[in-house]
Amino acid sequence: EDFRDPVDALEVYHLLRTIKDPEHPNTLEQLRVIQPDHIVVDEAKNLLKIRFTPTVPHCSMTTLIGLCIVVKLQRCMPKRFKVDVTVSPGTHEQEVAVNKQLRDKERIAAALEKEGLVK
């Protein structure tokens, strides 16, 4: 029997909430960068969709934060899931460029090789 333990948005949120912001001593949860209602788990399509909100519209660490989220999910979630992490619409000046970088497989592969990226 192929039993799959279902994953829900709250489980994903609890996994991500403790990631530290690169510029602050706070977590992504404390800064409200991630929120449970911005996480969608589609078991049928094996898809995790996460929208995150940078602390300010000109945040220079937005791509790094997004990569930290991607890496944490790829390391901790079942391999069957495709991960789609994007900036919440209208929350960053470089939203399109950041989202493009977060979909770049080579950039993600390089981030996965960095041991200290996600703490």
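In this text the structure is predicted, and so the values were computed from the model without any measurement.
One distance of note links CZ of F52 with OG1 of T62; it measures 6.0 Å at 0.5 Å rounding. From N46, atom CG reaches atom CE of M77 across 10.5 Å, with rounding to the nearest 0.5 Å. Between L73 atom CG and L16 atom CG the span is 4.5 Å, to the nearest 0.5 Å. To the nearest 0.5 angstrom, R103 atom CZ is 9.5 Å from I108 atom CD1. Rounding to the nearest 0.5 Å gives a distance of 14.0 Å between CD1 of I19 and CG of N26. Atoms CG and CG, from L48 and D42 in turn, are 9.5 Å apart once rounded to the nearest 0.5 Å.
Using a 4.5 Å heavy-atom cutoff, the side chains of D8 and V41 are not in contact. S60 is listed as a side-chain neighbour of E23, based on a closest heavy-atom distance under 4.5 Å. Contact check for R107 versus L67: side-chain heavy atoms found under the 4.5 Å cut-off. Side-chain contact check for P22 versus I65: some heavy-atom pair is nearer than 4.5 Å.
The same ILVMFWY cluster, assembled from side-chain heavy atoms under 4.5 Å apart, contains both L10 and V12. Residue L102 is not grouped with residue V40 when hydrophobic side chains (ILVMFWY) are merged at heavy-atom distances under 4.5 angstrom, including chains of intermediate members.
Of the possible donor and acceptor atoms, one in the side chain of K79 sits under 3.5 Å from a partner among the backbone N and O of Q74. The closest donor-acceptor contact from the side chain of H92 to the backbone of C59 lies under 3.5 Å. Although no hydrogens or angles enter the test, the distance criterion places no donor-acceptor pair under 3.5 Å between the side chain of Q94 and the main chain of H58. Judged by distance alone, the side chain of Q30 and the main-chain N or O of T27 form a donor-acceptor pair under 3.5 Å.
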- Message: With salt bridge (charged side-chain N to carboxylate O under 4.0 Å, His left out) as the criterion, how do K20 and E29 come out once you've worked through the C-alpha distance, each side chain's angles and the decisive distance to 0.1 Å?
- Response: CA-CA 9 Å; K20 296 270 191 212; E29 175 186 45; over 6 Å; no
- Step by step, would you call R17 with I34 a side chain to side chain contact (heavy atoms under 4.5 Å, CB included)? CA-CA 7 Å; R17 70 188 188 90; I34 60 161; 4.2 Å; yes
- Message: Quick one, L31 with H24, criterion side chain to side chain contact (heavy atoms under 4.5 Å, CB included). Give me CA distance, side-chain angles, the key distance, then yes/no.
- Response: CA-CA 9 Å; L31 295 169; H24 303 284; 3.9 Å; yes
- Task: Please step through side chain to side chain contact (heavy atoms under 4.5 Å, CB included) for the pair K49 and I39, ending with a clear verdict.
- Result: CA-CA 6 Å; K49 293 184 77 149; I39 298 170; over 6 Å; no
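For the residue pair P89 and E95, the shortest heavy atom distance occurs at CA-OE2, 3.4 Å. Closest non-hydrogen pair, V87 versus N99, comes out as N-OD1, 2.8 Å. Pairing each heavy atom of E43 with each of F81, the nearest pair is OE2-CZ, 3.8 Å.
At a cut-off of 3.5 Å, with distance as the only test, a side-chain donor of S88 or T53 sits close to an acceptor on the other residue.
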